[in-house]
S.K.: 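Just dropping this structure here.
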Amino acid sequence: MDFPALHAWDLSPREAVALQRRLAAQVVVADRLPARINRVAGVDVSYEKHGRIFFAAVSVLSFPDLEPLAEATARGHSEFPYIPGLLSFRELPLVLQAFQRLAQAPEVILVDGQGIAHPRRLGLASHLGLWLGVPTVGCAKSRLCGEHVAPGTEKGAATPLRDGEDVIGTVLTTRTGTKPLYVSPGHLVDQRRAVEITLACCRRFRQPEPTRRAHHLSNQLRRSTPTPPEDR
DNA sequence: GCGACAG
DNA sequence: ATCTTGTCGC
């Protein structure tokens, strides 16, 4: 697929925060999904144990059947450290490389991380959606910010994730008896659609099929990659 | 200053 | 995210 090329991204954490504030204003939290959704993609990144090499994977499934259609991966590294709230500056470059290798763009993308449920409303899912110009949904396994009461334990149970006056996400039980997921709009989708798509992608596991497959893909890529020699 | 803190 | 064996439960 085609989208703006990735320039050199050597920003300091402080500059990254400033950029997030500017980009957040461009995020569209509204239902702009096409009438017919045929392809859903999931993204995930795994790291080598010493954090030397990153492995990004994208898995595309048919919708609503969820049958595998295509996949793409990318190997690389990042100098940017993991800082809560600045995850996209660490992972996005490699994730974009993986998407660059996809022949066809999906109608929506599920991301292993937050969408607007972020201090500055620009989690990894929102940043990715903005860059690709494709609708995205954040499906994080844990909370970054916001408050909420626990949802019921039945699949489909949900409670709002709030940050002051704003509803920034939905704490959603995606499988009966398991810990809920933190679902939030990434870009071009609203709260309702974010939850709808996520539930439609959950079969027998807590994680939606797209991100679950991407997770396995990036893991097997890491396991099949020899660890390069140390430098000291 | 202290606690929280996606992956 | 990653380091890790067995183990409890559907």
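Note: hydrogens, waters and symmetry copies are ignored here, and every other heavy atom, side chains too, is used. In what follows, every chain begins at residue 1, and chains take the letters A, B, ... in the order their sequences are listed. This one's a predicted model, so the numbers in the text were calculated from it and none came from an experiment.
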S.K.: Between A:Tyr82 and C:dA1, do the rings stack, that is, sit under 5.5 Å apart with planes less than 30° off each other?
M.R.: no

S.K.: Please report, rounded to the nearest Å, how far the P atom of B:dG7 is from the CZ atom of A:Arg143.
M.R.: 12 Å

S.K.: Roughly how many Å is it from NZ in A:Lys49 to P in C:dC3, rounded to a whole number?
M.R.: 7 Å

S.K.: Side chain of A:Ser46: nearest nucleotide among C:dA1, B:dG7, B:dC5?
M.R.: C:dA1

S.K.: Between A:Asn219 and C:dT2, does any side-chain N or O lie under 4.0 Å from OP1 or OP2?
M.R.: yes

S.K.: Compare side-chain N and O positions of A:Ser142 against OP1 and OP2 of B:dG7 and report whether any pair is under 4.0 Å apart.
M.R.: yes

S.K.: Expressed as a whole number of angstroms, how long is the span from A:Glu48:CD to C:dA1:C1'?
M.R.: 12 Å

S.K.: Picking from C:dT2, B:dG7, B:dA4, which would you name as closest to the side chain of A:Glu91?
M.R.: B:dG7

S.K.: Base, sugar-phosphate, or nothing: which does A:Leu86 touch, judged by heavy atoms less than 4.0 Å apart?
M.R.: base

S.K.: Which nucleotide in the set B:dG7, B:dA4, C:dC3 lies at the smallest distance from any side-chain heavy atom of A:Asp112?
M.R.: B:dG7

S.K.: How are the rings of A:His127 and A:Trp9 set to each other: parallel, tilted or perpendicular (split at 30° and 60°)?
M.R.: tilted

S.K.: A:Gln20 has an atom CD; how far is it from atom P of B:dA6, in whole Å?
M.R.: 14 Å

S.K.: C:dA1 P sits how many Å from A:Leu124 CG, rounded?
M.R.: 13 Å

S.K.: Can you measure A:His215 atom NE2 to B:dA6 atom P for me and round it to whole angstrom units?
M.R.: 16 Å

S.K.: What is the distance, rounded to the nearest whole Å, between atom CG of A:Leu181 and atom P of B:dG7?
M.R.: 9 Å

S.K.: Verify salt bridge (charged side-chain N to carboxylate O under 4.0 Å, His left out) between A:Arg192 and A:Asp31, making sure each step is shown before the conclusion.
M.R.: CA-CA 9 Å; A:Arg192 182 176 172 288; A:Asp31 187 357; 5.4 Å; no

S.K.: Rounded off to whole Å, could you give me the CZ-to-P distance for the A:Arg90 and B:dC5 pair?
M.R.: 19 Å

S.K.: Which part of the nucleic acid does A:Arg175 contact within heavy-atom distance under 4.0 Å: base, sugar-phosphate only, or nothing?
M.R.: nothing

S.K.: Please check this pair: side chain of A:Asp163 against backbone of A:Asp166, looking for a donor-acceptor N/O pair closer than 3.5 Å.
M.R.: no

S.K.: Mind checking A:Gly85 for me? I need base, sugar-phosphate or nothing, with any heavy atom below 4.0 Å counting as a touch.
M.R.: base

S.K.: Using a strict 4.0 Å threshold on nitrogen-to-oxygen distance, state whether A:Arg212 and A:Asp44 make a salt bridge.
M.R.: no

S.K.: Donor-acceptor check, side chain of A:Arg206 to backbone of A:Thr174, threshold 3.5 angstrom: yes or no?
M.R.: no

